[in-house]
Amino acid sequence: SQKIEQNSEALNIQEGKTATLTCNYTNYSPAYLQWYRQDPGRGPVFLLLIRENEKEKRKERLKVTFDTTLKQSLFHITASQPADSATYLCALEVNGNQFYFGTGTSLTVIP
Amino acid sequence: GAVVSQHPSWVICKSGTSVKIECRSLDFQATTMFWYRQFPKQSLMLMATSNEGSKATYEQGVEKDKFLINHASLTLSTLTVTSAHPEDSSFYICSARDGGSGTGELFFGEGSRLTVL
């Protein structure tokens, strides 16, 4: 069966540390993998996109890696801040126009 | 960035009635929009892909007669929950991709929280 799993339903880290979130998938062949942030009661907001032929992508304090052999993406937030506290979702784009989301990881950055 | 507007934000209805949720792309044209459903503390579940001018493509297990989708223009898609029951209570979110932006990202509406009494 097809699955998209994000390890750690909840992750607590100290302010200033690097948060690392994991997204693993099975039985998908995504052309793109995206990461979104979702705050309670709101719609998700796009953060980063990485293509299947890219290994790593960076944007300010964010870094994403994509390993199609392991079927895994890692999402890093460096120098984390309390304002980074939110739920983070990975999403796979398959078949050119279908998006499937992972289970989400709730990140709490402790001051 | 592009803006997707969803209406209503909150709706409470009686069991057996139908509810329509609108999703509009405000500053771009969206040939494709996506409808998701999200239960508390769970991820987004893709319900259907809405294509402008044609029938929606529903995911397995989603009843197309229950969740009617209409995408009559490049800026508007609607989801109608017909004969709603308490188990249909959920957070419904639409999204669209700006075909002209080239970035591939999805822009999401703010969601519509449906409570069926």
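Note on naming: letters A, B, ... go to the chains in the order of the sequence lines (proteins, then strands), and numbering restarts at 1 for each one.
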Requested in this report: Of all the heavy-atom pairs spanning Gln34(A) and Glu105(B), show the shortest one and how long it is.
Outcome: OE1-CA, 3.8 Å

Query - Most contacts with chain A, counted as non-hydrogen pairs under 4.5 angstrom, among Leu44(B), Thr32(B), Ile93(B) - result: Leu44(B)

Query raised in the report: Do the ring centers of Phe99(A) and Phe108(B) come within less than 6.0 Å of each other?
Result: no

Report task. Just give me the residue among Pro44(A), Pro40(A), Gly104(A), Gly43(A) that pairs up with chain B most often, heavy atom to heavy atom, under 4.5 Å. Result -> Pro44(A)

**Report entry** NZ (Lys66(B)) with more than 12 external heavy atoms under 6.0 Å
**Finding:** yes

Query raised in the report: Short question: side chain of Tyr36(A), backbone of Leu106(B) - any donor-acceptor pair under 3.5 Å?
Result: yes

Report task. Might you confirm whether atom CZ of Arg42(A) has over 12 heavy atoms from other residues, nucleotides or ligands at distances under 6.0 Å? Result -> no

Query - Neighbour count >12 (heavy atoms, 6.0 Å) for atom NE2, His85(B) - result: yes

Requested in this report: For Glu60(A), look at atom CD and say whether over 12 heavy atoms of other residues, nucleotides or ligands are found less than 6.0 Å away.
Outcome: no

**Report entry** Single-linkage hydrophobic cluster, 4.5 Å side-chain cutoff, Met33(B) and Val19(B) together
**Finding:** no

Requested in this report: Would you give the length of the straight line joining atom OG1 of Thr87(A) to atom CD of Gln38(B), rounded to the nearest 0.5 angstrom?
Outcome: 8.5 Å

Report summary line: Applying a strict 4.5 Å limit to non-hydrogen atoms, the region of Gln6(A) in contact with chain B is neither

Query raised in the report: Looking only at heavy atoms, which two atoms of Ser43(B) and Phe101(A) are closest? And how far apart?
Result: OG-CB, 3.5 Å

Query raised in the report: If you count the non-hydrogen atoms of other residues, nucleotides and ligands that lie under 6.0 Å from NZ in Lys71(A), is the total more than 12?
Result: yes

